[in-house]
Number of protein chains: 2
Amino acid sequence: MDLTARTAEQIGEALRRTRKARGWTQSDISARTNLRVATISSLENGDAGAKLATVLAVMAALGLEFRLVERGGSLEIEDIF
Amino acid sequence: MDLTARTAEQIGEALRRTRKARGWTQSDISARTNLRVATISSLENGDAGAKLATVLAVMAALGLEFRLVERGGSLEIEDIF
DNA sequence: CTACTTTTTACGCCATAGCGTAACAATCGA
DNA sequence: TCGATTGTTACGCTATGGCGTAAAAAGTAG
């Protein structure tokens, strides 16, 4: 499961996929973040207008963190050693 | 240079670091994104209220992309093969 | 110390995120 | 097939992001 994202749609997809992988509902995320289910829904559907705080809250609830990497940079040997 | 981020502050720092590494000014980013210099400044200083679109625009200008990874998950062997 | 560049902050304005609340639609299990 | 859970959409409301514009503050080279 590669969770690379350059767009709000890709971030939303990644969040939804992770949530499903955890077996959770949007309501579960809502409870853990104090965000409304509607907000989670909107975010998962790729709302680019969402606030960074909102994204970070959901990420935290899912136990995820961001890594900012060079575009297309798919695991080079220097990254390992 | 590890660009892992869980907070708006960390994202801002990562963006600023990358920009400096490219030898660019906020004004350069502004030109490439049509965002105001003030907006770039605010973002680099950790504005959690920033819009996702804003973050993504700056990321694109810097040639960066997001990777959503398990918290603390620092390169496990399964990620390589 | 002085000019120039870069970054930060301010003000008025408009657009919209996320809230409470609620209804509606879609998905799923028995 | 149907009841129930889950997800999407809507309305009015308040708060605030990012805009244009501008000025002040901080950093840098000479």
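This one's a predicted model, so the numbers in the text were calculated from it and none came from an experiment.
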Output all residues satisfying side chain to side chain donor-acceptor pair (under 3.5 Å) with [X], sequence neighbours left out; order by chain, then residue number.
X     : value
A:T18 : none
A:Q26 : A:E44
B:R22 : A:E70
B:S27 : none

Between the side chains of A:E65 and B:R71, is the shortest nitrogen-to-carboxylate-oxygen separation below 4.0 Å, so that they form an ion pair? no
Residue pairs fulfilling ring-ring contact (aromatic ring centres under 6.0 Å, His included) with at least one residue in residues 47-71 of chain B, sequence neighbours excluded: A:F66-B:F66
Taking ring-ring contact (aromatic ring centres under 6.0 Å, His included) as the cut-off, I'd like each qualifying pair that reaches into residues 6-64 of chain A, sequence neighbours left out, listed once.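 The answer is none; no pair qualifies.
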In residues 48-56 of chain A, what residues come within less than 4.0 Å of DNA chain C, judged by heavy atoms? A:G49, A:A50, A:K51, A:T54
Treating primed atoms plus P, OP1 and OP2 as sugar-phosphate and everything else as base, which nucleotides of nucleotides 4-11 of chain D get B, S or - for protein heavy atoms under 4.0 Å? --SSBBB-
Donor-acceptor pair, distance only, cut-off 3.5 Å: does the side chain of [X] make one with the backbone of [Y]?
X     : Y     : answer
A:S30 : A:L35 : yes
B:T33 : B:I29 : yes
B:S41 : B:V37 : no

So where does chain A start and stop touching DNA chain C, 5' to 3', when the test is distance under 4.0 Å to a non-hydrogen atom? C:dA17 to C:dT21
So for the helix from C:dC1-D:dG30 to C:dA30-D:dT1, with five pairs setting each end axis, what is the inter-axis angle to 10°? 70°
Go through the structure and list residues passing side-chain contact (heavy atoms from CB on, under 4.5 Å) with A:E13, not counting sequence neighbours.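 A:R16, A:R17.
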Base, sugar-phosphate, or nothing: which does A:N34 touch, judged by heavy atoms less than 4.0 Å apart? sugar-phosphate
Any pair counted as salt bridge (charged side-chain N to carboxylate O under 4.0 Å, His left out), so long as it reaches residues 28-41 of chain A, sequence neighbours left out: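 Counting only pairs at least two positions apart or across chains, no salt bridge (charged side-chain N to carboxylate O under 4.0 Å, His left out) contact touches residues 28-41 of chain A.
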